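See below for the structure under consideration.
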Amino acid sequence: MSGDHSHNEDQVDGGSRFNDKYKDKYKEKEHKHKDHKKDKEREKSKHGNSDHKDSSDKKHRDKEKMKHKDGSTDKYKDKHKEKRKEEKMKSLDGKVKKEKENGFASPLHLKSEPEDNFYHSPKHERSLKRERDDDNDTEFKPKKIKIENDKKAKKRKPEEDAKSKKTKNKKGEVADGKKKAKKEPEEKWKWWEEERYTDGVKWKFLEHKGPVFAPPYEPLPSNVKFYYDGKHMKLSPEAEEVATFFGKMLDHEYTTKDIFRKNFFKDWRKEMTPEEKAKITDLKKCDFNEMNDYFKAQSEARKAMTKEEKLQRKEENERLLQEYGFCIMDNHRERIANFRIEPPGLFRGRGDHPKMGMLKRRIRPQDIIINCSKDSKHPEPPPGTKWKEVRHDNKVTWLVSWTENIQGSIKYIMLNPSSRIKGEKDWQKYETARRLKKCVDRIRNQYREDWKSKEMRIRQRAVALYFIDKLALRAGNEKEEGETADTVGCCSLRVEHIKLYPENEGQEYVVEFDFLGKDSIRYYNKVPVEKRVFKNLQLFMENKEPDDDLFDRLNTSVLNKHLQELMDGLTAKVFRTYNASITLQQQLKELTSAEENIPAKILSYNRANRAVAILCNHQRAPPKTFEKSMQNLQTKIDAKRDQLSDAKRELKSAKADAKVRRDEKSKKSVETKKKAVQRIEEQLMKLEVQATDREENKQIALGTSKLNYLDPRISVAWCKKWGIPVEKIYNKTQREKFAWAIDMADDDFEF
DNA sequence: TAACTAACTTAGAAACCCTACG
DNA sequence: CGTAGGGTTTCTAAGTTAGTTA
């Protein structure tokens with residue numbers, strides 16, 4: 001058997017001696033696996049591999065073997081094989097099925113970042129006045145907030161009005177004691193001009209009103225009936241509530257999926273009375289249609305409400321927002337992101353999620369942990385109830401937490417992205433990425449060196465890092481099989497996810513990636529790689545089954561530990577941030593031309609943004625109405641064209657007329673006509689740009705990168721440089737989130 | 001060391017709402 | 001004035017990362 005392990009050993013062409021210790025360790029781990037099936041599977045695959053003792057394998061093995069001082073093993077990484085195999089048996093076309101229905105198919109290539117300059121990182125590096133080095137620099141002058149300067153005040157006028165309305169309202173807030181403190185300055189607080197906490201403390205004072213619970217269940221009116229096997233059946237309130245969750249979703253594809261139905265039915269039965277349970281044994285015999293109709297009618301009714309009713313609803317919402325949607329954190333009133341507790345319902349996992357359809361139970365006060373300062377006025381639980389706990393932990397940022405019943409994970413209520421606590425973190429994230437910029441050359445040289453390492457784990461680490469850097473892949477943690485959809489990232493890639501082509505379409509050493517990533521979004525890409533990478537991949541894949549891990553000596557923890565050594569604060573995800581931001585900056589430089597008008601410049605911006613979205617594989621399902629809306633737009637364009645030729649014709653005749661008549665009036669008429677033509681031309685151009693933009697955006701989602709990966713200062717600087725109002729790039733919410741960047745970035749900001 | 005836990009960021013879909021157009 | 005449809009907001013799932021525990 002010992003030989004059977006060989007493929008697991010750390011060894012590379014360099015070869016080395018056999019290592020029995022490792023084998024033992026490996027065995028030990030095996031026994032830790034909870035599932036016996038998995039052990040069996042393990043054995044199976046070992047046998048399978050032993051069959052592959054080809055000469056090259058032998059050669060490697062016999063030569064000096066690379067050792068893994070870390071004693072790393074195959075670890076649990078492949079423990080989940082069995083299930084996957086089973087699934088595959090069931091559906092050979094699993095891939096196709098699993099794929100999201102977003103129509104994504106073709107390899108999207110980032111046109112920029114050509115191979116040849118990949119390792120050249122932009123040189124110019126300059127720091128802004130106010131900037132501080134993210135980690136240790138605290139030499140910030142805590143300026144007191146003053147009036148914003150005129151320019152900005154002007155620019156922000158529209159929202160400012162809205163803002164001040166809000167700030168007025170807040171006077172309603174409790175103003176007791178020293179803590180609550182000084183009246184909020186009416187101007188926007190520039191937290192970025194103040195010093196930060198350094199010691200892991202997130203706040204000194206925190207007060208809030210607790211969460212808003214989901215409204216209690218309202219039983220259906222008696223005329224809305226449920227039928228089982230064609231016969232009316234009155235359900236108990238508990239069973240009825242869960243039934244309505246399903247009834248509401250009848251039009252959704254989920255309800256056609258086997259797993260969803262199975263999970264739902266199982267959980268639903270748990271809520272039934274013994275009688276109901278005895279009777280309702282087959283979901284297919286359940287008729288939820290009246291419920292479905294009822295809820296549809298309800299939403300129609302809501303839409304059809306009178307203005308006053310709508311206004312009333314709005315005001316009620318606003319009241320709730322004012323009361324529960326804000327907290328006081330360190331003397332400032334800050335917006336809470338999700339102050340409403342998630343209502344009960346059926347779990348909607350993405351992709352092929354094994355738990356889809358399970359009942360997400362209602363959260364009650366006794367499930368809730370409150371976090372606030374000791375010296376604050378603690379939120380009251382609803383009458384007759386108790387919180388699970390009230391704690392005062394100022395090393396964390398959340399206000400409320402509870403444990404969710406599907407995955408057993410913890411959910412939190414936290415602050416809005418516009419808040420200081422989120423903003424600082426965001427800013428810091430980009431500063432870390434900028435620090436990476438300074439040393440990325442070194443790191444790239446290093447991993448290129450490591451491709452030649454004698455140690456397998458180092459080679460794997462280096463190749464993985466290359467992918468993360470070049471392709472902006474996610475780190476790829478291991479996941480518990482059967483708990484979530486089968487998706488992967490870089491470190492968890494399996495052999496089946498890549499194909500190697502020594503030569504493909506005229507290019508050498510092409511790797512084809514095809515896997516499901518986060519949210520079960522397909523990643524498909526064909527990329528030429530360096531020869532050494534290619535050879536390494538061949539080596540990593542040797543004697544492995546399709547569902548073996550490509551990087552069996554690597555996981556995210558190992559990788560991140562290594563990265564940490566290369567640069568303080570460096571982790572795998574920093575590469576995504578860095579590459580996204582640097583790409584935007586590069587693309588903006590490349591695509592923006594001074595002569596173009598504003599709409600054209602904005603198109604360029606969107607294209608630069610798009611390059612990033614493609615790099616990060618941010619996709620969306622093409623809107624259902626996409627084709628139609630494209631057509632509509634085309635019709636508009638055609639109409640505009642006609643209008644233009646009409647206007648031109650009129651201009652012509654006006655000109656002719658003016659020539660003959662030579663009077664003021666006809667001259668004027670020419671001028672007007674000229675203007676009209678110009679105006680129409682502009683409109684046409686705008687429409688055409690819009691069409692191009694939309695077409696190019698069909699399956700690409702720009703929002704995610706804009707919100708999470710692109711240093712906003714790059715965009716702000718670009719706007720300032722070209723005289724584009726930031727509003728054209730960022731909507732109100734985005735401007736709130738990026739207020740720090742809008743305030744501090746000048747037109748010469750360099751990422 | 002690996003498994004587990006906590007905290008926090010990132011993500012696409014769906015719901016909502018506003019506005020331009022007929 | 002009604003409405004389509006597109007932008008915005010909300011929702012909550014699904015990741016990453018670091019720290020703790022066994």
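Note that these values count all heavy atoms, side chains included, but never hydrogens, waters or copies made by symmetry. First the proteins, then the strands, lettered A, B, ... as listed; each starts at 1. All of these numbers come straight from a predicted model, not from anything done at the bench.
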Would you mind telling me which of [options] lies closest to the side-chain atoms of [X]?
X: Arg474(A); options: dA7(B), dC4(B), dA11(B); answer: dA11(B)
X: Asp393(A); options: dA14(B), dA7(B), dT16(C); answer: dA7(B)
X: Lys202(A); options: dC8(B), dT17(C), dA14(C); answer: dC8(B)
X: Arg620(A); options: dA13(B), dC21(B), dA11(B); answer: dA13(B)
X: Arg348(A); options: dA11(B), dA14(B), dT12(C); answer: dA14(B)
X: Lys422(A); options: dT9(B), dT16(C), dC16(B); answer: dT9(B)
X: Ala701(A); options: dA18(C), dG12(B), dA13(C); answer: dG12(B)
X: Ile410(A); options: dC4(B), dA14(B), dA7(B); answer: dA7(B)
X: Thr571(A); options: dA11(B), dA18(C), dC17(B); answer: dA18(C)
X: Lys573(A); options: dA13(C), dA11(B), dT16(C); answer: dT16(C)

Could you tell me how far apart [X] ([atom1]) and [N] ([atom2]) are, to the nearest whole angstrom?
X: Lys479(A); N: dA3(B); atom1: NZ; atom2: C1'; value: 17 Å
X: Gln734(A); N: dG7(C); atom1: CD; atom2: P; value: 12 Å
X: Arg576(A); N: dT17(C); atom1: CZ; atom2: C1'; value: 15 Å
X: Leu633(A); N: dG5(C); atom1: CG; atom2: P; value: 12 Å
X: Tyr254(A); N: dA14(B); atom1: OH; atom2: C1'; value: 11 Å
X: Asn338(A); N: dA11(B); atom1: CG; atom2: P; value: 18 Å
X: Asp519(A); N: dA13(C); atom1: CG; atom2: C1'; value: 7 Å
X: Asn731(A); N: dT10(C); atom1: CG; atom2: P; value: 11 Å

Worksheet item: Which sits closer to the 5' end of DNA chain C, Glu404(A) or Asn416(A), going by the nucleotide each is nearest to?
Response: Asn416(A)
Worksheet, complete the sentence: Per nearest nucleotide of DNA chain C, the residue lying toward the 5' end, Lys561(A) or His353(A), is His353(A)
With heavy atoms under 4.0 Å as the rule, sort [X] into base, sugar-phosphate or nothing.
X: Gly476(A); value: sugar-phosphate
X: Gln564(A); value: sugar-phosphate
X: Phe347(A); value: sugar-phosphate
X: Asn560(A); value: sugar-phosphate
X: Pro417(A); value: nothing
X: Ala337(A); value: nothing
X: Lys360(A); value: sugar-phosphate
X: Gly489(A); value: nothing
X: Ser409(A); value: nothing

For [N], does either OP1 or OP2 sit under 4.0 Å from a side-chain N or O belonging to [X]?
X: Lys411(A); N: dA13(C); value: yes
X: Asn632(A); N: dA4(C); value: no
X: Thr397(A); N: dA7(B); value: no
X: Thr487(A); N: dG15(C); value: yes
X: Asn708(A); N: dT9(B); value: no
X: Arg350(A); N: dG15(C); value: no
X: His252(A); N: dA13(B); value: no
X: Lys518(A); N: dT10(B); value: no
X: Ser629(A); N: dG6(C); value: yes
X: Tyr709(A); N: dA11(B); value: yes
X: Lys314(A); N: dC16(B); value: no

When you compare the side chain of [Y] with that of [X], does any pair of heavy atoms fall below 4.5 Å?
X: Phe626(A); Y: Arg694(A); answer: yes
X: Asp549(A); Y: Glu478(A); answer: no
X: Asn338(A); Y: Tyr412(A); answer: no
X: Met567(A); Y: Leu563(A); answer: no

Worksheet item: Do other residues, nucleotides or ligands put more than 12 heavy atoms under 6.0 Å from the NZ atom of Lys310(A)?
Response: yes
Using 30° and 60° as the class limits, which term best fits the ring planes of [X] and [Y]: parallel, tilted or perpendicular?
X: Phe246(A); Y: Phe264(A); answer: parallel
X: Tyr254(A); Y: His252(A); answer: parallel
X: Phe213(A); Y: Trp387(A); answer: parallel

Worksheet item: Which residue lies toward the 5' end of DNA chain B, Cys616(A) or Ser401(A), if each is placed at its nearest nucleotide?
Response: Ser401(A)
Worksheet entry | Trp398(A) or Leu707(A), whichever maps to the more 5' nucleotide of DNA chain B | Trp398(A)
Item to complete: May I have the step-by-step check of side chain to side chain contact (heavy atoms under 4.5 Å, CB included) for Val400(A) and Phe339(A), ending in yes or no?
Response: CA-CA 9 Å; Val400(A) 173; Phe339(A) 58 93; over 6 Å; no
